[in-house]
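Note that ligands are numbered from 1 as they come in the structure, with each ligand's atoms numbered from 1 the same way. Both backbone and side-chain heavy atoms feed into the values below; hydrogens, waters and symmetry mates do not.
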Amino acid sequence: VSEVIVLDVGHGNSAIALGNDFALLIDAPDDPAVLFAIADLRIERFDFVVISHRDRDHVAGLPAVLANSSLSIGTVFVPADATKNAASYQTKHLLGALADAKKSGRARVSRDLDDAIGNELSGGGLTVDVLAPPFDLAMGGPGGHTSEGSEILSNTTSAVIRVGRDGGGSVLLAGDADRVAFEALAGQGADLSADILVFPHHGRDSRLSNEREFAEWVCGLVSPEKVIFSVGRGAIARPSPDVVLGVKAARPGVYIACTQLCRECAPDPLPTGRTDGHLGSLPASGAADMHSCAGTLRISLVDAELGAPDPSAHQQFIDAWAHDPMCRRT
Ligand SMILES: [Zn+2]
Ligand SMILES: [Zn+2]
């Protein structure tokens, strides 16, 4: 076994990496697809659970994962974040669940995840490289400033993790890393190359003055053959059209897959008569409303090819039902 599963969780991120007697969960939004996928895959233990950063769409489902008594868990990595409202229900609920897990021995809980950990999370034939946050950004944490004076947001300290296999393929899970984070990584000469990129921050960042240029730059650093956007069919078009154009400019011929069918590509009302037989068998959050595009993706790390959905069936779905798909624009 060596694969990475990128779950369709709507707006948010969640990925599962599976090796031989080894499983890693990266991000746990509050979406039923997370626990359903864990059950369908018959996962009984996560060696590691990594929360990339403390935004809701990455962490709100962690208490439910911890409460799942059929799962054993090794270590949960979750960062400190002074910018999260300590009085909010969500923060209290999360911290309460983590404190219970730590005190009861349910799982080890650690705030110590940064690039200095290197490939210590590897296992089961998988190489797991923690590329971000850089040590100094993590030590300051959200709410601070870099030595150049840039504001450090939660997204700036997002984990960036590459999962690969010796002699096989690799997937870069970029979390919500922003320009300041990528500048720090590029500045220290980090090797970010990967066959497949799950594009940072769901393919949109309104703080950027030039999203197309950012996307070109990031894809130049990573050189992916395939780019995945983990997005929901929300009112805001994600990914942004400029990001998709930047990806295509940097990587001509790149295969682009969005977990859900964006309104930008297929406005409301969606045409009736759609079928979603192209989707894989694992749970996808958009499947019930037929809002999935690629849905949940299964990536073999043997060759970095998609096991699901079948790429040609996914392309036929786009041709048939998306009015003006971003992935086809030039
Ligand atoms: Zn996010
Ligand atoms: Zn975020």
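At a cut-off of 3.5 Å, with distance as the only test, a side-chain donor of T156 or D178 sits close to an acceptor on the other residue. Judged by distance alone, the side chains of H53 and D27 never bring a donor and an acceptor atom under 3.5 Å apart. For the residue pair R45/S72, the side-chain donor-acceptor check at 3.5 Å is satisfied.
Residues meeting the ring pair (Phe, Tyr, Trp, His ring centres under 6.0 Å) test with H201, sequence neighbours left out: none. Take F48 and apply the ring pair (Phe, Tyr, Trp, His ring centres under 6.0 Å) test, not counting sequence neighbours, and it matches no residue. Take H323 and apply the ring pair (Phe, Tyr, Trp, His ring centres under 6.0 Å) test, not counting sequence neighbours, and it matches no residue.
Within the sub-2.8 Å shell of the Zn ion (ligand 2), the protein contributes these N/O/S atoms: H53 NE2, D55 OD2, N155 OD1, D176 OD2.
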